[in-house]
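So the structure is just underneath, and the comments pick up after that.
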Amino acid sequence: MNNQQPLVVRLLKGFGMFWWDFLVGDTPELFVAALVIIGVVALVSESWHANTVAVIVLPILAISALTLSVKRASDAAKRK
Amino acid sequence: MFATTVSSGVVVLVGAVFLASTVEMVEALTIVFAVGHTRGWRSAFEGVAAALIALAALVAAFGPALVHVPLSVLRLIVGGVLLIFGMQWLRKAVLRSSGLKAKHDEDAIYNETVAELENVQSGTNRDRIAFVMAFKGVFLEGLEVVITVLTLGTSAHRLGLAATVAGIAVVLVAIVGAVVAKQLSRVPENAMKMSVGVLLVTYGTFWVGEGLKVRWPGNDTFLLAFVGIYAVVCWALVTMIKPKKPSSPAKVDA
């Protein structure tokens, strides 16, 4: 980290880096999946007013995202 | 009905906060023990105290502010964060349980920290390296506890309960850690992480839905259904990816 930068800039950079690492880190696919889930459920629930569909779709999308991410990591590990 | 509804939400909240706080504090305590044993306890305790003050300042700054955010917006943001965070925890726990990723080893962390510290000379009375290591360990692990307590507690309107449960977990880990010293590796950390992941994804799913005006059948009671569903999914994922033949772990970088 560049010590020539003002303290505020360094603090803001550190804050941004923390949240980037916390939310994206080495699993960007899960971050993108969460955004997609929110978008799809917002569409289903708020635009189409289909509550039952939203109740079913939300956990299914979360499970699918987790499964794909685990499968991706598992395949990469088995290839090594 | 009301009592059942309240108790379901409270049970899941208490479980999530307690387990998450315990896991993070075991990790922090391992680093503090390594620093204390290697470089002396004074600087280690000073680092711990400074980290606790910094964490308390964060809570004081952001805690009251969160109360003023509209509940549906707060639940959507918190739900999204918990969903991502919980899926990350579950992914790691599933990979560890299946043997494709090395399990978190407190003994290895302790030995690595000790080896790192033994090679560094201290030039002053106040051991700066020990202070920074202890501060960093407690602050970074504590920050995850603070985020869990603030997000779960505020969204459930039970910030006091969440903070109390986290406090109890921290004190319990400190007492047990002081008694058993270097035996923290016996804590079944991966099973606890799997449970925390299930609870975080449960709350994440539930609050993303609440934030988007989804009406869950049975209201808060539906949390228990999510706990069961995600637990079964994790078991299925571990079974699905577990190698047929035993293989060496630590193959997954992420």
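In the text below, chain A, chain B and the rest are named by the order of the sequence lines, each starting its count at 1.
Here A:Leu58 contributes atom CG and B:Trp216 contributes atom CH2; the two are 4.5 Å apart, rounded to the nearest 0.5 Å. Note: B:Leu237 CG to A:Thr67 OG1 = 4.5 Å, rounded to the nearest 0.5 Å. In this structure, B:Arg91 CZ and A:Glu29 CD are separated by 5.5 Å, a value rounded to the nearest 0.5 Å. A distance of 5.5 Å separates CD1 in A:Ile63 from OH in B:Tyr230, rounded to the nearest 0.5 Å.
The neighbour count for B:Trp235 CH2, taken as heavy atoms of other residues, nucleotides or ligands under 6.0 Å away, does not exceed 12.
For residues 72-84 of chain B, a heavy-atom distance under 4.5 Å to chain A picks out B:Leu76, B:Gly80, B:Val81, B:Leu83, B:Ile84, given by residue number. Of residues 48-57 of chain B, not one residue has a non-hydrogen atom less than 4.5 Å from any non-hydrogen atom of chain A.
Between B:Pro217 and A:Val55, the closest side-chain pair of non-hydrogen atoms falls below 4.5 Å. With a 4.5 Å cut-off on side-chain heavy atoms, B:Phe85 and A:Leu23 do not count as touching.
Of the atoms belonging to A:Val24, it is backbone heavy atoms, and not side-chain ones, that fall under 4.5 Å from chain B. Looking at B:Ile147, the atoms closer than 4.5 Å to chain A (heavy atoms on both sides) all sit in the side chain, from C-beta outward. In this structure, chain B has heavy atoms under 4.5 Å from both the backbone and the side chain of A:Phe22. Proximity to chain A (any heavy atom under 4.5 Å) is shown, for B:Phe206, by neither the backbone nor the side chain. Heavy atoms closer than 4.5 Å to chain B are found in the side chain of A:Ile37, but not in its backbone.
The side-chain hydrogen bond (donor to acceptor under 3.5 Å, both in side chains) search around B:Ser195 returns none, not counting sequence neighbours. Under the salt bridge (Lys or Arg N to Asp or Glu O under 4.0 Å) criterion, B:Lys213 pairs with A:Glu46, sequence neighbours left out.
In this structure a side-chain-to-backbone donor-acceptor pair under 3.5 Å is missing from A:Asn51 to B:Val214. Although no hydrogens or angles enter the test, the distance criterion places a donor-acceptor pair under 3.5 Å between the side chain of A:Ser45 and the main chain of B:Leu212. No side-chain donor-acceptor contact under 3.5 Å links B:Gln88 to the backbone of A:Asp26.
When each of A:Ala42, A:Ala34, A:Ala33 is scored by its heavy-atom pairs under 4.5 Å with chain B, the top score falls to A:Ala42. Ranked by heavy-atom pairs shorter than 4.5 Å toward chain B, the options A:Gly25, A:Pro59, A:Ala54 are led by A:Pro59.
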From CA spacing to verdict: side-chain contact (heavy atoms from CB on, under 4.5 Å), A:Asp75, B:Ile241: CA-CA 9 Å; A:Asp75 288 347; B:Ile241 65 167; over 6 Å; no
